[in-house]
Structure formats: structure tokens, C-alpha cells
Visitor: 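Starting off with a structure, shown below.
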Protein chains: 2
Amino acid sequence: MLKYQQIAAEIEQYITNQDLKQGDKLPVLEQLMSQYSVSKSTVTKALELLERRGVIFQLRGSGIFVRRHNRPGYMSLFSTQGFKSNLGDRVLTSDVLDVSVTKPSEDVAENLGIGVSDDVYRVERVRYVDGEVFCYEVSYYLKAIVPYLNREIVADSIFDYVQSALGVTIGFSDMYMQVGRLNKTEAGYLGLQTDDPTLRIETIFHLTNGKPFDYSRITYHYEHSQFVVQANGPYM
Amino acid sequence: MLKYQQIAAEIEQYITNQDLKQGDKLPVLEQLMSQYSVSKSTVTKALELLERRGVIFQLRGSGIFVRRHNRPGYMSLFSTQGFKSNLGDRVLTSDVLDVSVTKPSEDVAENLGIGVSDDVYRVERVRYVDGEVFCYEVSYYLKAIVPYLNREIVADSIFDYVQSALGVTIGFSDMYMQVGRLNKTEAGYLGLQTDDPTLRIETIFHLTNGKPFDYSRITYHYEHSQFVVQANGPYM
DNA sequence: TTGATTAATTGTACCGGTACAATTATAGTA
DNA sequence: TACTATAATTGTACCGGTACAATTAATCAA
């Protein structure tokens with residue numbers, strides 16, 4: 001693990017341990033430098049990271065302060081890691097409906113930047129948070145990148161597996177969201193009525209080299225899905 | 001304007017002018033250094049900025065590449081600047097329903113971190129994109145920060161005014177989103193039926209010193225609101 | 001006490017450098 | 001040709017420094 005990531009993690013841990021709240025002040029830069037025995041730029045980098053993640057904000061001439069949003073139950077939209085990292089003490093479970101190797105439809109191939117003759121894994125799940133239906137998901141993984149999947153892996157976190165077992169790291173992702181009404185199939189899985197409201201999010205996950213390797217469509221249960229996005233000012 | 005912001009702007013301009021697409025390669029770091037006559041770290045900072053905004057991605061040992069999402073009509077969710085900056089050639093108009101100074105309700109005061117006796121501006125608008133109803137918005141501004149508003153300012157971009165005329169800069173914002181059904185009032189303004197689906201986003205805008213100064217509730221027309229979020233890998 | 005002026009604090013911009021890891025190109029070998 | 005080992009390319013981590021702007025604290029005058 002890189003130094004600045006390590007320091008960021010420790011600072012975040014410190015905030016948690018001390019139960020610091022919005023506006024509480026952290027040690028000044030110079031102290032953090034000597035405390036962790038690194039240069040100013042390394043501390044700065046760790047702080048930038050935490051700032052981007054909405055953990056702190058920095059105010060020149062004043063100090064470094066804790067930033068906390070105050071609504072429990074809202075999940076961060078940046079669950080690039082899957083939701084697992086984001087749930088706190090809530091429990092995530094899954095019903096696996098399908099894990100199979102197929103050929104992509106045209107629009108799936110389009111989104112993954114491949115041809116319709118390339119193999120993909122199709123994964124279909126219903127996911128629950130603390131036993132309540134949370135979302136219905138269909139996702140496609142490039143078989144060239146993810147050569148093997150089974151029901152056990154898929155029932156847990158696919159991203160954990162892909163990262164730790166395959167060494168595949170996500171570079172970036174594009175999420176497309178829109179609101180609509182449930183169709184019959186979706187309503188069935190989510191325990192709702194046809195035409196009930198829903199949030200649909202399509203995400204294309206790219207490797208660090210910019211190539212897509214996962215395209216997923218998630219249909220959320222509108223009553224159990226609340227998201228928070230912590231954004232940083234104009235140019236950040 | 002800071003050097004690294006300036007360089008970021010020029011690089012972005014270059015991408016636009018050359019009509020570069022996803023995966024196209026940019027000049028290497030060293031060339032950018034000499035081209036703009038700045039140090040490596042300044043170029044790096046400019047590139048980091050563009051990376052966070054989803055404009056490029058960098059690949060060590062390989063180069064700097066253009067990143068483009070490929071769905072027209074999707075609006076970036078990070079319209080911290082208001083939507084104006086985000087519309088391209090589409091036209092944004094507003095019906096101003098209310099601009100008045102009032103005392104906040106309890107939950108508004110709570111979200112703004114003030115007391116119920118402090119003055120706030122209440123602004124109520126229906127907003128249109130290319131003539132189609134886009135959203136219904138009610139927002140509250142701390143009068144201590146925004147001492148004056150009128151219908152003309154509000155019909156245009158409030159953020160433009162607040163920033164350029166008052167010199168107020170936004171530090172960060174917390175957005176809370178959820179899906180639900182329209183009530184009668186909202187349905188009326190949006191030209192939809194009661195109980196139709198909708199996306200609601202509450203946003204609390206903070207100054208650079210961390211103090212909230214604007215709390216807004218936006219109710220989106222579900223057929224005309226599509227959002228894209230470009231996220232950056234694990235640790236961003 | 002109040003208000004203005006000055007000084008101390010503290011983060012940010014920018015420089016220029018070394019070392020290194022990931023990728024890509026090249027040369028060498030079978 | 002195809003595969004392997006090596007070298008060149010290219011961005012990232014980290015160091016340590018100067019100058020400066022924004023905030024806050026201290027000082028002084030009214």
C-alpha cells in the first residue's frame with residue numbers, strides 16, 4: 001500500500017475512533033508531517049484523497065476539518081467497489097438467478113466495446129439489504145478478463161473476487177441513471193407492482209487501461225434506495 | 001486564474017478543437033511541460049483535475065488518453081454550478097413562482113444549520129430545457145450570505161450572480177437523492193399525474209468555510225431527466 | 001469595549017529533483 | 001515466425017524547498 005493511502009486510512013480511522021463530527025478540527029499539516037514522518041507533499045496527497053471522498057475539507061489559513069453528512073441510511077453513489085464497502089453494519093445478501101456464458105446482444109456488445117461473437121458472463125441477481133429487497137441486477141462481464149465465475153462467487157462480492165483473485169483493478173466507470181416504471185418481470189423480483197416507480201442505473205466499468213470489462217443494469221426498489229453524493233466545489 | 005487551472009482549460013479546449021474521442025492519445029507529460037513552460041508538478045495537477053472531471057485518464061508507462069462518455073442527452077450530476085454550465089447548446093428557461101424573504105421551517109433550518117428566526121430567501125421555480133418541463137425547485141438561501149435577490153436574477157442563474165456579484169464561492173455540497181411519487185402540487189407544475197414517478201434531490205451547498213448557505217429541493221420530471229456520473233476507480 | 005492594524009498561523013501553488021513501476025518497443029533466440 | 005529477454009518510454013510516488021494568500025490571534029488606538 002502506498003504511503004499516502006496508508007496515511008489517509010489512518011487519518012480516517014482516527015476520525016472514526018475519536019468520533020469526530022462535522023467541523024471538528026484535525027491536527028495541522030506540520031504535525032501530521034512529523035507524526036507520520038513523511039514530507040509535506042505526501043500528507044497533502046493523503047488529505048486531497050480524503051477531501052475528494054468527502055471525509056474532510058481544508059481551509060487555508062485555518063486548518064483541516066471533518067466533513068460529515070448527517071443522514072443515516074443513505075448509501076454513497078460511488079460504490080465503484082460494489083456496495084459491500086458501503087453498508088456499515090447492514091447485511092447484504094443475494095439471490096443468484098443466473099450465471100452463464102453467452103453471446104452479448106447488440107446493445108450489450110456496444111456498451112462493452114466488443115463484437116457479438118465475443119463471450120461474456122451473464123449474471124442475474126436480486127439483492128437484499130437486511131433482508132429487504134434492494135435491487136434487481138443484470139450484468140455482463142467480458143470472459144476474456146473474467147474467465148471464470150460461479151454461483152458462490154457471485155453470491156458474494158464479484159468485485160472482491162475479480163480484484164483479489166484475478167488482480168484486475170477498476171480504472172473508472174460511467175454511470176447512467178434514469179427514473180422510470182417497472183415492467184412485469186422487475187416488479188415480480190422486487191415484490192412491487194408493474195408501473196411502480198424505479199431508478200435504473202447502467203454502469204460501464206473500465207479497466208485502468210480504459211477498456212470496458214463490465215456492463216451492468218441495476219433496477220432499484222424505490223422505497224429502499226436512497227443515495228448521497230458528496231461533491232466538491234467548482235473545479236475540484 | 002491559477003496556472004494549473006489555465007492549463008487544464010487549454011488542454012480541454014484542445015480536445016474539443018481537435019475533436020478527440022475516447023482513447024485518443026494526448027501529448028506526453030514532458031511535452032506539455034515545455035509547451036506551457038511550467039514544471040512537471042503543475043502539469044500533473046492540471047491533469048489530475050481533468051481526470052477527476054472525467055475528461056482524461058492517465059496510464060503509467062503509456063500516456064494520457066481522452067475519456068468520453070458516449071450518451072448525448074445525459075446531464076452530469078455534478079452541476080454544482082447550476083445546470084447552466086452543463087447544457088451544451090440546449091436552452092434553459094425558468095418560471096419564477098416565488099422570491100421572498102421568510103423564516104425557515106424547522107427542517108429547513110436544520111438543514112441550513114441555523115435557527116428558525118434567521119432570515120432566508122425562498123425561491124420557487126419551474127425550469128425548462130428547450131421548452132420542456134425539466135424540474136420543479138424550491139430553494140432557500142441564507143440572507144446573511146445572499147442579502148438580495150429578485151425575479152430577474154432568479155430567472156437566470158442564481159449561482160452566476162452569487163459568485164460574480166457577491167464573490168461567494170461554493171466549497172462543497174451534499175446531495176441526497178431518492179425516488180418517489182409526485183404529489184398533486186408537483187404534478188401540476190410538471191404537467192404530470194399525481195403518483196407518477198419522480199426523482200427528488202435535496203442539496204445542501206456549503207461555503208468554503210464549511211457553512212451551509214443554500215438548501216434546495218428539486219423534483220425532476222422523470223421523462224426528461226437523465227444523469228451521468230463519471231466516477232474514478234477505487235480510491236479515485 | 002469596540003474597531004482597526006499588525007503579526008502569527010496554516011494551507012496552497014509552484015518549482016525541480018530522484019527513484020521507480022507499468023507499459024511498449026526493440027533486439028535476440030529458437 | 002513466435003517467443004523471450006532487454007531496453008526505452010512514460011506516468012506516479014515521494015522528497016524538500018520558496019513564496020504566498022486566507023484566516024485567526026494579538027496589539028494598539030479611540
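Just so we're on the same page: letters track the sequence lines, and every chain starts at 1. In what follows, every heavy atom counts, from backbone to side chain, and hydrogens, waters and symmetry copies are set aside.
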Visitor: Determine whether B/Tyr141 and B/Val123 make a side-chain contact, defined as any pair of heavy atoms from C-beta on separated by less than 4.5 Å.
Guide: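 B/Tyr141 vs B/Val123: side chains touch.
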Visitor: Can you name the side-chain contact (heavy atoms from CB on, under 4.5 Å) partners of A/Met33, sequence neighbours left out?
Guide: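 A/Met33 satisfies side-chain contact (heavy atoms from CB on, under 4.5 Å) with A/Leu29, A/Lys40, A/Val43 once adjacent residues are dropped.
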Visitor: Just how far is it from atom OG1 of A/Thr42 to atom OH of A/Tyr36, taken to the nearest 0.5 Å?
Guide: 13.0 Å
Visitor: Under 4.0 Å, counting only non-hydrogen atoms across every strand here, what does B/Ile64 touch: a base, just sugar-phosphate, or nothing?
Guide: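 Sugar-phosphate, backbone atoms only, no base.
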Visitor: Could you pull out all donor-acceptor pairs under 3.5 Å where a side-chain atom in residues 146-154 of chain A meets a protein atom, sequence neighbours excluded?
Guide:
from     : atom 1 : to       : atom 2 : distance (Å)
A/Tyr148 : OH     : A/Asn150 : ND2    : 3.4
A/Asn150 : OD1    : A/Glu152 : N      : 3.0
A/Asn150 : OD1    : A/Ile153 : N      : 2.8
A/Arg151 : NH1    : A/Val96  : O      : 2.9

Visitor: Of A/Ser41 and A/Ser62, whose nearest nucleotide on DNA chain D comes first from the 5' end?
Guide: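 Whichever sits nearer the 5' end wins; that is A/Ser41.
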Visitor: With nearest nucleotide decided by heavy atoms, which residue, B/Leu2 or A/Asn209, maps closer to the 5′ end of DNA chain C?
Guide: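 In this pair, the answer is B/Leu2.
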Visitor: Does the gap between the ring centers of A/Tyr220 and A/Phe134 come in under 6.0 Å?
Guide: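 For A/Tyr220 and A/Phe134, the ring centres are under 6.0 Å apart.
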Visitor: Rounded to the nearest 0.5 Å, how far does OH of A/Tyr4 lie from CG of A/Leu49?
Guide: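 A/Leu49 atom CG to A/Tyr4 atom OH measures 6.0 Å (nearest 0.5 Å).
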Visitor: Give the C-alpha distance, both sets of side-chain angles, the deciding distance and a yes or no for side chain to side chain contact (heavy atoms under 4.5 Å, CB included) between B/Arg67 and B/Asn232.
Guide: CA-CA 11 Å; B/Arg67 175 178 172 198; B/Asn232 291 312; 2.8 Å; yes
Visitor: If you look at every heavy atom in B/Phe213 and B/His206, which pair is closest and at what distance?
Guide: CD2-C, 4.2 Å
Visitor: For DNA chain C, determine which residues of residues 28-40 of chain A have any heavy atom closer than 4.0 angstrom to one of its atoms, and list them numerically.
Guide: A/Val28, A/Leu29, A/Lys40
Visitor: Going 5' to 3' along DNA chain D, between which two nucleotides do contacts with chain A fall, using a heavy-atom cut-off of 4.0 Å?
Guide: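 Contact span on the strand: D/dA13 to D/dT24.
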Visitor: Run the side-chain donor-acceptor check on residues 99-115 of chain B: report pairs under 3.5 Å with partners two or more places apart or on a different chain.
Guide:
from     : atom 1 : to       : atom 2 : distance (Å)
B/Ser100 : OG     : B/Asp98  : OD1    : 3.2
B/Ser100 : OG     : B/Asp98  : OD2    : 3.2
B/Lys103 : NZ     : B/Ser117 : O      : 3.0
B/Lys103 : NZ     : B/Asp119 : OD1    : 2.9
B/Ser105 : OG     : B/Asp107 : OD1    : 2.8
B/Asp107 : OD2    : B/Arg217 : NH2    : 2.3
B/Asn111 : OD1    : A/Arg71  : NH2    : 3.0
B/Asn111 : ND2    : B/Asp107 : O      : 3.0
B/Asn111 : ND2    : B/Tyr215 : OH     : 3.4

Visitor: With a 4.0 Å cut-off on heavy atoms, is B/Leu59 in touch with a base, just the backbone sugar-phosphate, or nothing at all?
Guide: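 Touches sugar-phosphate only.
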Visitor: Rounding to 10°, can you tell me the angle the first-five-pair axis of the helix from C/dT1-D/dA30 to C/dA30-D/dT1 makes with its last-five-pair axis?
Guide: 10°
Visitor: Show your working on side chain to side chain contact (heavy atoms under 4.5 Å, CB included) between A/Tyr176 and B/Asn70 and close with a plain yes or no.
Guide: CA-CA 10 Å; A/Tyr176 300 95; B/Asn70 53 356; 3.2 Å; yes
